[in-house]
Amino acid sequence: MTLTSRRLLTVAADRLRSVRPELAAELDLSTLEALLAAKSRVATGGADTPADGALVVCVVGRPALSVLVRETCRFASSVPYERARPWQRAFTRTVFLAGQPGNLRDRFTFAHVSGDGSVGWLGPAAEQDTEALRRLLKVFHGDREPPAWAPVTVTVPPPPGKSPSLRRPRHRDLYVATARVAFSTLLVQVNHLLAEAVLDGLIAPGDRLTLRSVPWLTGLASPFAALRVDEDTDSPHGLRAFAGLTEET
Amino acid sequence: MSRSVLLAPVTVTPSKPLTPSHLKGLLWADVMYRATAQVADVTFRYSHTTYHPTEQTLGFWEFLDRTRGDTDYTTLSESQIGELYVRYRAEGHPQAAEDLYPYAQAVEEHGFVHPASERVLRLWSAHYARLGLHDPGLLGHQPPELDLEEMVEELVASGMGLDQRELGGRVYLDATRFGLPLRQIMSAEGRPNYLACALRELLPLAARHDELVLLYDNELAPDYRLLAQVLGRQGAAVHHVPIGRVPIDGRVASARHGGWHEHTADTLVRDLAAEHTPEALRLGMRLYFIAVLGPGQRESFRPDLLRKHVSRAERLVARVPEAAGTRPSVDTLGRYRRGHTHVDPYRLTCSLLGRAAAPSLSLLSSVYL
C-alpha cells in the first residue's frame with residue numbers, strides 16, 4: 001500500500017490503540033493535531049500513567065548499524081514476559097546514553113551487551129534502578145546523517161540459555177530513511193520498530209533481516225508488516241515513516 | 001638518581017589582570033618549584049600555547065577582531081583588556097566553529113598569539129620579574145607534544161576515551177570504570193575544551209616522570225580528579241594540590257565578571273614596591289599568600305595583612321646575615337615532603353613565621369627572593 005499522509009495517521013493511531021486499548025475510546029485520533037495531543041497526554045502520564053518498571057537504558061559506544069539492529073532484536077527477545085508487558089505499554093521507552101559498556105560492567109548489571117562491547121542494555125526496570133548510571137553518563141548525541149549503505153543481512157541470534165524459536169526462520173527487509181535523519185533519531189526510531197516487532201512476535205531468533213537505506217520511504221511498493229511513524233517537523237504532513245519492516249520475503 | 005617531578009599548575013587565561021586568586025596560585029606553584037628543585041629533578045610545565053585553542057581564548061580573539069577591527073593593543077593596560085574580556089563574556093553572541101577556525105588553525109600552524117593576549121603576557125612578564133617568579137616561558141611558543149587526533153587515539157586505545165564524532169557525536173574522557181562521570185572534552189565539530197588541551201600536553205609528559213603534581217583551583221576539582229585518574233595510568237604517582245581562591249569582601253568571583261578594581265597585581269605590586277625593598281616584597285607576598293591564607297578559601301583578601309607581612313619580611317631579611325645557617329635551610333627541606341618528592345610550600349612557608357625562625361640566606365635566595 002502506498003504511503004500517504006492518511007495512511008501514516010492511521011498507522012500512528014493504530015499503534016496508540018493497540019498499545020493502550022483501554023484509552024482508545026477516550027482519545028481523539030482522527031486528525032494529526034488530535035493524535036499529537038493524545039500522544040503527549042499519554043507520554044506525560046496525563047492519561048493513566050503506565051506501571052513503573054518500564055524504562056530501558058541503552059549505553060551506546062560506537063556500534064555499526066548492523067550490530068545495533070541484530071543486538072536490539074536479541075535484547076528485546078531476552079526480556080521476560082512480566083517485564084515486557086509494562087515496557088510495551090510504555091511504548092518501549094528507552095533512554096540512549098553515550099558510554100562504553102565494557103567500562104561499566106563491574107558496577108552495573110547489564111541485561112545484554114553486544115559481543116563487540118559497542119552497545120549494551122539495562123532493564124526494563126524502574127527509573128530509580130538506573131538513576132546512578134544515568135547520572136554517570138551523558139545523553140547520546142549523534143547529529144550526523146548516516147551515509148547510505150549497501151544492503152546487509154543479519155541473523156537474529158537466540159538469547160543465551162534459550163532454545164531457538166520453534167517456528168520456521170523468516171526473512172524480512174528493514175527499510176530505514178536516511179535523508180534529514182540524524183543518527184540519534186535513526187537510533188530511536190529503529191529501536192522502537194524492532195523492539196515492538198520482537199514483542200509482537202514479528203521477529204524471532206533465527207530470523208534474518210536485510211537492512212536497506214533509502215532517503216525517504218515514500219514510493220516503496222513493499223507491503224509492510226510494521227511501520228515506524230513519528231512526528232517530523234520537516235515533513236509537509238507533520239508525520240513521517242522513519243523505518244519499515246516488510247512482510248516475509 | 002633523584003626522582004623526576006613534573007609540576008603542572010593550571011594556567012591563567014591571558015585576557016585580564018592578575019587578581020589575588022591568580023597571585024596565590026602563581027606564588028604557591030613558584031615556591032613548590034624552587035624548593036623542590038633543591039632536592040629533586042623538577043620540570044615546571046606552564047605553557048600558554050597549550051591552552052590557546054580553548055574556546056574562551058579563541059572566542060575572545062574573534063570577538064576583539066569582529067567588534068574592534070584593527071586596534072593598537074600595545075598601549076592598553078591589563079585592566080583595559082580585561083574590561084573587553086568582560087564585555088565578550090557578557091555578549092553571549094554564538095560563535096560557530098567556522099568563526100573560530102582561522103584562529104585555531106593559526107595557533108596550531110605557526111604559534112599565533114593575538115596582540116591583545118600578547119600585550120597581557122608582556123605585562124605579566126614584568127610582574128613575574130618584580131615578584132621573583134620563575135618565568136616558565138610566558139612569551140615563548142611551547143606547543144604540546146601530541147596533536148588533538150593523536151591524543152584522542154591514545155585515549156581511545158587505553159579504553160579511557162570515547163570518540164563518537166563519526167556519528168555526529170562528541171569526544172569524551174571515560175573514567176566511568178572508576179565511578180567518575182563521563183566528561184566531554186571535544187565537540188562534534190572538533191573544538192577542544194581545556195581538559196583536551198591538558199591531555200595533549202600531559203599524557204606524554206606523565207609517562208616520563210616519577211611524580212606528577214597537579215596544582216589547580218578548587219572549583220576545577222572534579223575535572224582534575226578525572227585527569228589524575230588518566231595520567232596515573234601512565235605510571236607517574238599523581239598528587240593533587242587544590243588551591244582555594246581568595247575571596248574579596250567575602251565573595252569568590254570569577255575574573256570573567258570583572259570587578260577587580262584596585263586589587264590587581266599591577267596595583268598591589270606598584271604600591272608595595274614604593275615603600276619596601278624588592279626582597280621584602282617577594283618574601284612578604286609569599287608569606288601572606290601561602291602561609292597566612294593557606295590552602296583553603298575562608299579568609300577574604302586583607303590588604304592591611306599583606307602590608308604587615310611585607311614589613312615583617314623586611315625585618316626577617318634584615319636579620320639573615322647574623323642568623324645564617326639556622327632553620328629552616330636548604331638542608332632541612334626533606335622535612336616538608338611528607339611521603340612525596342615535591343616540597344609542600346604551605347608547611348615550608350609557615351615555618352618562616354615561627355618565633356624562632358631564622359631562615360638561611362641560601363634558602364631565602366633560592367626559594368623566596
Side-chain angles (χ1 to χ4, degrees), chain A residues 57-68 95-110 113 116-120 122 130-147 149 176 178-191 213, chain B residues 55 94-98 101 148-149 151-196 199 221-234:
Chain A
V57 173
C58 179
V59 178
V60 183
R62 288 180 64 183
L65 194 59
S66 57
V67 171
L68 200 67
V95 172
F96 294 91
L97 302 175
Q100 302 189 89
N103 282 351
L104 299 158
R105 288 177 98 160
D106 289 346
R107 292 173 182 270
F108 301 95
T109 307
F110 280 79
V113 175
D116 64 358
S118 64
V119 58
L122 296 94
T130 50
E131 203 180 317
L133 177 69
R134 285 182 283 124
R135 270 207 307 266
L136 202 62
L137 301 181
K138 300 273 186 294
V139 171
F140 172 75
H141 287 273
D143 300 333
R144 187 167 291 177
E145 284 180 25
W149 60 86
V176 180
T178 55
R180 294 194 183 192
V181 179
F183 187 85
S184 48
T185 305
L186 181 152
L187 190 63
V188 169
Q189 305 295 358
V190 169
N191 169 71
S213 65
Chain B
E55 199 166 328
Q95 290 167 302
E98 55 266 30
Y101 184 69
L148 269 173
E149 294 308 321
M151 180 275 290
V152 172
E153 274 169 33
E154 201 165 305
L155 272 187
V156 169
S158 70
M160 297 195 79
L162 175 58
D163 180 2
Q164 295 186 324
R165 283 176 296 172
E166 207 177 87
L167 310 172
R170 299 149 186 194
V171 181
Y172 299 95
L173 183 57
D174 182 1
T176 53
R177 77 172 67 164
F178 306 104
L180 299 172
L182 195 71
R183 174 74 159 96
Q184 183 184 324
I185 58 170
M186 215 190 289
S187 70
E189 300 80 27
R191 285 154 74 173
N193 65 12
Y194 79 99
L195 273 179
L199 286 164
D223 279 346
Y224 269 81
R225 269 199 293 278
L226 265 174
L227 206 51
Q229 196 64 252
V230 183
L231 298 172
R233 290 169 59 87
Q234 303 290 320

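Here the structure is a predicted model, which means the values were calculated and not measured. Per chain, numbering begins at 1; letters A, B, ... match sequence-line order.
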Separation of A/R144 CZ from B/R165 CZ (nearest 0.5 Å): 9.0 Å
Test item: B/Q164 side-chain N/O and A/F140 main-chain N/O as donor-acceptor pair under 3.5 Å: no
CG-OG1 distance between A/N103 and B/T176, expressed to the nearest 0.5 angstrom: 4.5 Å
Atom OH of B/Y101: over 12 foreign heavy atoms under 6.0 Å: no
Straight-line distance of A/H141 NE2 to B/Y172 OH, nearest 0.5 Å: 5.5 Å
Main-chain N/O of B/R177 paired to A/R107 side chain as donor or acceptor, under 3.5 Å: yes
Expected output: side-chain A/R62 to main-chain B/L162 donor-acceptor under 3.5 Å: no
Closest approach of A/K138 to B/L182 (non-hydrogen atoms, all atoms of both residues): NZ-O, 2.7 Å
Residue, of A/D106, A/L137, A/L136, that accumulates the most heavy atom pairs under 4.5 Å with chain B: A/L136
Which atoms of A/A182 approach chain B - backbone, side chain, both or neither, heavy atom under 4.5 Å: neither
